[in-house]
Asker: 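Below you will find the structure I want to go over with you.
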Amino acid sequence: MTWTDTRVPKRTIAIVILTLMALVAASPERASAQAELTGTYIDYLGVGANGIMINAANHSMRYSESGAAPYSCDIWFPGQPVHQFTITATATAGTTSATNTPGATGIPTSTPTTTTGRRIRWEGIQRFGGVQLRVRSVYDFTNVADRWVRQTITITNLDATREVTDLYVLVNGDPDHGRCDIGTSYASTNDVLRQEPADGSALVTAIAGDPTTRVAFGLGAFNPIARAHVNTSGLPNTNAVATWATPNDPNGTTADVGVGLVFRARRLAAGASRAFRMAYVWGPDQASVATRFDALQCELAAAGSSCTDAGGAAGTCRAGACCTGCWDGAACQAGATTGACGAAGAVCATCDDGNACTDD
């Protein structure tokens, strides 16, 4: 019997391995990245390859008030999957509007979806007439036991000389969380509970499920340029301009339609950035969602914004919390009643009168 040596030399194997590693590193499959975080009450948060809240496992978010079954259905996936964000802007080169959806990527990905700790991040570049806008979407699901997720969309004008005007950011989705374990309907009871600027916040809620297993969901922001909206009909919505100009409030009507939040910044200077923060909040009913949303005021509002703490005291948003005392630049200290010492979250100032015999 004749034996043939079929062994491959080690050097050849090494070359093959290195070649495969190089191909994997350069493969466009990396742009198909998707991410997921899990929690106690929000069972999971899934983000897809183009930054929308539906990943390759068809997961966006689902919720249980107890942290155990029955869970709500996935909020954005059943039926026609809809979670999308639209960026509309104007410059001397004209106007652009692009949308990322489960089926289309109008804003091309520049940095694939990645997870760092309890944060999921995606970036894309929107180009029009030589102007480039960097679109960064970050989802923060900070603690396993949180009943809310924050999304921050930051737009940066990468042009060195031209400003952008009439910048709109629209987030829209179709709440179908009552379709499975807690109910049978694609419809939800939708209501714009708060509206800027009259109410100091913008919040739209959607309630779904059978009478004994109702689950409420809210999408809102603390920002005077935000508007909450329920689509008059249909599920997708990419018209940011019309949505901001005429937001719709159905006042608790039950229908299978989309809900959304839209922001408008009148200008974005050359080289400047603007952050738009919003929260997805869950609860057993509308009142619980509103209470939990209110507790997030300083998680969503810009630092230095006015706020009210749980006890009704006036303060200033500092480091994500409502400071009613004195802000020393790093922490909130017990405040004095004298304004010069930094009451209501103002920056601490010396109250030293120069007299060693007095208690400053």
Asker: Set out, in order, the CA-CA distance, both residues' side-chain angles and the distance that settles side chain to side chain contact (heavy atoms under 4.5 Å, CB included) for Ser97 and Thr86, then state yes or no.
Answerer: CA-CA 7 Å; Ser97 186; Thr86 299; 3.6 Å; yes
Asker: With respect to Ile42, which candidate in Tyr280, Tyr71, Phe141 satisfies the side chain to side chain contact (heavy atoms under 4.5 Å, CB included) definition?
Answerer: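 Option passing the side chain to side chain contact (heavy atoms under 4.5 Å, CB included) with Ile42: Phe141.
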Asker: Would Arg264 and Asp166 pass as an ion pair if we require N to O under 4.0 Å?
Answerer: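 Yes, charged N to carboxylate O under 4.0 Å.
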Asker: Can a donor-acceptor pair be found, under 3.5 Å and without considering hydrogens, that links the side chain of Asn157 to the backbone of Arg162?
Answerer: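 Yes, Asn157 side chain to Arg162 backbone: donor-acceptor pair under 3.5 Å.
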Asker: Looking at every non-hydrogen atom in both residues, tell me the closest pair between Ile225 and Trp244 and how far apart they are.
Answerer: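 Ile225 and Trp244 have their closest heavy atoms at O-NE1, 2.9 Å.
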Asker: Between Glu299 and Arg277, is there a side-chain N and carboxylate O pair less than 4.0 Å apart?
Answerer: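 Salt bridge between Glu299 and Arg277, a charged N being under 4.0 Å from a carboxylate O: no.
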Asker: Would you check if the side chain of Thr113 reaches a backbone N or O of Gln34 as a donor-acceptor pair within less than 3.5 Å?
Answerer: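 Answer holds: no.
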Asker: Distance-only, no hydrogens or angles: does the Asp140 side chain make a donor-acceptor pair with backbone N or O of Thr142 under 3.5 Å?
Answerer: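 Absent.
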Asker: I want to check something: taking the side chain as every heavy atom from C-beta on, are Thr96 and Gln126 in contact at a cut-off of under 4.5 Å?
Answerer: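 Yes, at least one pair of side-chain atoms sits under 4.5 Å.
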Asker: Determine yes or no for a side-chain-to-main-chain donor-acceptor pair under 3.5 angstrom, with Glu196 supplying the side chain and Phe222 the backbone.
Answerer: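 No; zero donor-acceptor contacts below 3.5 Å.
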Asker: Going through the checks in order, is the side chain to side chain contact (heavy atoms under 4.5 Å, CB included) test met by Thr243 and Arg227?
Answerer: CA-CA 8 Å; Thr243 300; Arg227 301 289 184 270; over 6 Å; no
Asker: Asn100 side chain to Gln84 main-chain N or O, any donor-acceptor pair under 3.5 Å?
Answerer: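 No, Asn100 side chain to Gln84 backbone: no donor-acceptor pair under 3.5 Å.
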Asker: Of all heavy-atom pairs between Gly252 and Thr189, which one has the smallest distance, and what is that distance?
Answerer: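 Where Gly252 meets Thr189 most closely, the heavy atoms are O-CG2, 3.2 Å.
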Asker: Do Val47 and Leu170 sit in the same hydrophobic cluster, where Ile, Leu, Val, Met, Phe, Trp and Tyr count as joined when their side-chain heavy atoms come under 4.5 Å apart?
Answerer: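 No, no single cluster joins them.
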Asker: When you measure from the side chain of Asp159 to the backbone N and O of Ala270, does any donor-acceptor pair fall under 3.5 Å?
Answerer: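 No: the side chain of Asp159 does not pair with the backbone of Ala270.
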Asker: Are Asp199 and Arg194 within salt-bridge range, i.e. N to O under 4.0 Å?
Answerer: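 Salt bridge absent between Asp199 and Arg194.
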Asker: Hey, is Arg62 close enough to Asp74 for a salt bridge, meaning N to O under 4.0 Å?
Answerer: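 Answer for the salt bridge query: no.
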Asker: Using every non-hydrogen atom in the two residues, find where Pro236 and Asn231 come nearest and quote the distance to one decimal.
Answerer: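 Heavy atoms of Pro236 and Asn231 come nearest at O-ND2, 3.7 Å.
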Asker: Quick check against the 3.5 Å criterion: does Arg118 have a side-chain atom that pairs as donor or acceptor with the backbone of Thr115?
Answerer: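 Flag not set: sc Arg118 to bb Thr115 has no pair under 3.5 Å.
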Asker: Any side-chain heavy atom of Asp249 sitting closer than 4.5 Å to one from Asp191?
Answerer: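 With C-beta onward as the side chain, the pair touches.
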Asker: I'd like to know if the two cysteines, Cys298 and Cys317, have SG atoms within less than 2.5 Å.
Answerer: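 Answer is yes: Cys298 pairs with Cys317 in a disulfide.
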Asker: Using modelled atom types and a 3.5 Å cut-off, is there a donor and acceptor pairing between side-chain atoms of Arg179 and backbone atoms of Ser185?
Answerer: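 Such a contact is absent between Arg179 side chain and Ser185 backbone.
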Asker: Which class fits the ring pair Tyr63 and Tyr41: parallel under 30°, tilted 30 to 60°, perpendicular over 60°?
Answerer: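 Ring orientation, 0 to 90° scale: tilted.
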Asker: Does the ring of Trp282 carry Arg147 above it, NZ/CZ under 6.0 angstrom from centre and within 45° of its axis?
Answerer: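 Relative to the ring axis of Trp282, which defines the angle, Arg147 lies outside at least one limit.
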Asker: Can you tell me if Asn172 uses its side chain to pair, donor with acceptor, with the backbone of Leu235 under 3.5 Å?
Answerer: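 Yes.
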Asker: Could you tell me how the ring of Tyr139 sits relative to the ring of His83: parallel (under 30°), tilted (30 to 60°) or perpendicular (over 60°)?
Answerer: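 Answer is tilted, since the angle falls between 30° and 60°.
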Asker: Identify whether the distance between the nearest side-chain nitrogen and carboxylate oxygen of Glu65 and Arg292 falls below 4.0 Å.
Answerer: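 Salt bridge present between Glu65 and Arg292.
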Asker: Compare every heavy atom of Asn190 with every heavy atom of Ala206, then report the nearest pair and how far apart it is.
Answerer: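 Closest approach of Ala206 to Asn190: CB-OD1, 3.4 Å.
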Asker: Any idea which heavy atoms bring Thr105 and Ile107 closest together, and the distance?
Answerer: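 Of all heavy-atom pairs spanning Thr105 and Ile107, the closest is CG2-O, 3.1 Å.
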Asker: Is the side chain of Thr116 donor-acceptor paired with the backbone N or O of Arg119 at a distance under 3.5 Å, no angle test?
Answerer: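 Not confirmed, Thr116 side chain does not pair with Arg119 backbone.
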Asker: Between Pro108 and Gly106, which heavy-atom pair has the shortest distance, and what is it?
Answerer: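 Minimum heavy-atom separation between Pro108 and Gly106: CD-O, 3.4 Å.
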Asker: I'd like to know if the two cysteines, Cys323 and Cys332, have SG atoms within less than 2.5 Å.
Answerer: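 Disulfide present: SG-SG distance under 2.5 Å.
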